[in-house]
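Below, each value reflects all heavy atoms present in this structure, side chains not excepted, and no hydrogens, waters or symmetry copies. Order of the sequence lines sets the chain letters (A, B, ...), proteins ahead of strands, with each chain counted from 1.
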There are 2 protein chains.
Amino acid sequence: MELAAAKQKFIEAWGKLGSEWGINRTMAQVHALLLVSPEALTTEEIMKDLSISRGNANMTLRDLIGWGLVEKQHKAGERKEYFYADKDTWNIARQVAKERRKRELDPVLKILDELSNVQGDAKDPEFKTFNKTVTDINKLAKNVDKTLDTMLKAEESWFWGSIFKMFK
Amino acid sequence: MELAAAKQKFIEAWGKLGSEWGINRTMAQVHALLLVSPEALTTEEIMKDLSISRGNANMTLRDLIGWGLVEKQHKAGERKEYFYADKDTWNIARQVAKERRKRELDPVLKILDELSNVQGDAKDPEFKTFNKTVTDINKLAKNVDKTLDTMLKAEESWFWGSIFKMFK
DNA sequence: TTAAACTTTCAGTAATTATTGAAAGTTTAA
DNA sequence: TTAAACTTTCAATAATTACTGAAAGTTTAA
């Protein structure tokens with residue numbers, strides 16, 4: 001397989017994976033394209049490479065910047081903006097975990113806390129099941145939250161430090 | 001808040017979370033409904049509670065069974081099928097991890113392996129970046145895969161056993 | 001057998017989500 | 001200032017995904 005075809009395949013695979021995880025396909029593809037580009041690219045180049053419109057490219061790039069996965073660069077003496085993706089896989093994973101935690105896990109935790117405190121008749125099976133399920137899920141979610149927090153902050157901790165080395 | 005309203009809220013929250021993770025909203029809601037039901041429910045009851053059609057209910061239930069989250073039950077002397085959800089949060093998490101690994105991670109791993117082996121000019125920055133990115137992602141993905149495998153199989157391992165206790 | 005009780009399928013439609021492209025907005029340099 | 005070079009916005013439209021409901025299929029019991 002030659003490089004161009006391999007790139008193509010990588011972009012497709014990344015796009016598919018993204019869309020299976022609730023990230024829009026184009027966003028994942030733009031990210032993939034930038035990940036395999038040694039140099040920062042312009043909006044024009046991205047539009048051309050992926051055959052997408054200017055509007056789409058612009059919005060997608062802003063989203064990627066919002067996720068902390070891509071940054072704008074400026075070249076001396078040029079008006080154009082260039083876009084560059086961080087290539088450190090561990091940073092990427094961290095950044096995604098961080099954002100999803102903030103955007104999705106935290107709001108759910110708030111609701112679960114509220115629901116864990118609903119009072120009811122301890123004899124009623126309906127109530128007992130509700131209460132147990134919500135409390136259990138809340139507990140699990142809180143632990144995931146705490147763990148993510150530790151992971152995201154404290155690469156210096158001896159414990160997580162050694163876990164990380166296993167993954168890098 | 002009273003029980004009925006609390007249930008409603010839980011179903012909504014679970015549905016929203018599901019849809020953010022690429023699981024369809026109705027499927028997550030049916031699951032939520034079953035999670036807070038002490039008894040197994042019939043298709044009729046689910047249709048009524050969530051105001052969905054028979055076709056939708058049927059397909060969704062089959063999907064949930066396919067994910068290993070729900071099981072069919074039969075009551076003596078009755079023709080109707082009843083549906084019951086496993087309420088152990090750890091089992092739920094395990095089951096979801098297991099299925100997503102099989103359905104999404106494994107196919108991507110296969111492609112990444114292939115792409116890691118693409119040969120090229122070691123002097124070409126295009127090739128170097130492609131190769132490094134793909135190799136790094138492949139490494140990370142493989143480690144995630146291995147870790148999941150261990151977690152899923154070996155709750156008996158002293159190491160994961162102790163990690164699990166933190167979460168339960 | 002037959003028919004009642006139930007489950008499954010799927011073509012058509014509705015709802016949601018993503019994309020385009022052209023117009024409006026902004027910045028820079030002369 | 002002006003206008004060229006560039007970025008952003010957003011209403012219209014396309015593409016995708018989910019849902020309905022009625023018809024077809026299946027199982028059971030008499």
What is the distance, rounded to the nearest whole Å, between atom [atom1] of [X] and atom [atom2] of [N]?
X	N	atom1	atom2	result
Met59(B)	dA18(D)	CE	C1'	10 Å
Glu45(A)	dC6(D)	CD	P	12 Å
Ile52(A)	dA15(D)	CD1	C1'	16 Å
Leu61(B)	dC6(C)	CG	P	16 Å
Asp63(B)	dT8(C)	CG	C1'	13 Å
Glu81(A)	dA5(D)	CD	C1'	12 Å
Met47(B)	dA22(D)	CE	C1'	12 Å
Ile46(A)	dT8(D)	CD1	C1'	15 Å

Closest to side chain of [X], choosing from [options]:
X	options	value
Asn24(A)	dT7(D), dT9(C), dA18(C)	dA18(C)
Asn56(B)	dC19(D), dC10(D), dT8(D)	dC19(D)
Arg54(A)	dT8(D), dT8(C), dC10(C)	dT8(D)
Thr26(B)	dT8(D), dA18(D), dT7(C)	dA18(D)
Lys72(A)	dT20(D), dT8(D), dG21(C)	dT8(D)

| Within the structure, does a side-chain N or O atom of Thr43(B) lie under 4.0 Å from either OP1 or OP2 of dC6(C)? | no
| message | If you compare every side-chain N and O of Arg62(B) against the phosphate oxygens of dT9(C) (OP1, OP2), does one of them come in below 4.0 Å? | response | yes
| note | Of Arg25(B) and Tyr82(B), the one whose closest nucleotide on DNA chain C sits nearer the 5' end is Tyr82(B)
| Within 45° cone of Phe83(B) ring axis and under 6.0 Å: Lys72(B) NZ or CZ | no
| message | Here's one to test your reading of the geometry: is the NZ or CZ of Arg100(B) within 45 degrees of the ring axis of Trp21(A) and under 6.0 Å from its centre? | response | yes
| Does the side chain of Thr26(B) come under 3.5 Å of the side chain of Gln29(B) through a donor N or O and an acceptor N or O? | no
Which one is paired to [N], where only Watson-Crick or G-U wobble pairs with both distances under 3.5 angstrom count?
N	answer
dT16(D)	dA15(C)
dT8(C)	dA23(D)
dT28(C)	dA3(D)

| note | By nearest-heavy-atom nucleotide on DNA chain D, the more 5' of Glu78(A) and Gly55(A) is Glu78(A)
| field | 5'-most by nearest nucleotide on DNA chain D - Lys80(A) or Ser51(B) | value | Lys80(A)
| message | With a 4.5 Å cut-off on side-chain heavy atoms, are Ile92(A) and Asp88(A) touching? | response | no
| With respect to Lys142(A), which candidate in Asp149(A), Asp113(A), Asp136(A) satisfies the salt bridge (charged side-chain N to carboxylate O under 4.0 Å, His left out) definition? | Asp113(A)
| message | Tell me if the side-chain of Arg79(A) makes a donor-acceptor pair with the base of dT27(C), cut-off 3.5 Å, by modelled atom types. | response | yes
| field | Shortest non-hydrogen contact between Glu81(B) and His74(B), atoms and distance | value | CG-CE1, 3.4 Å
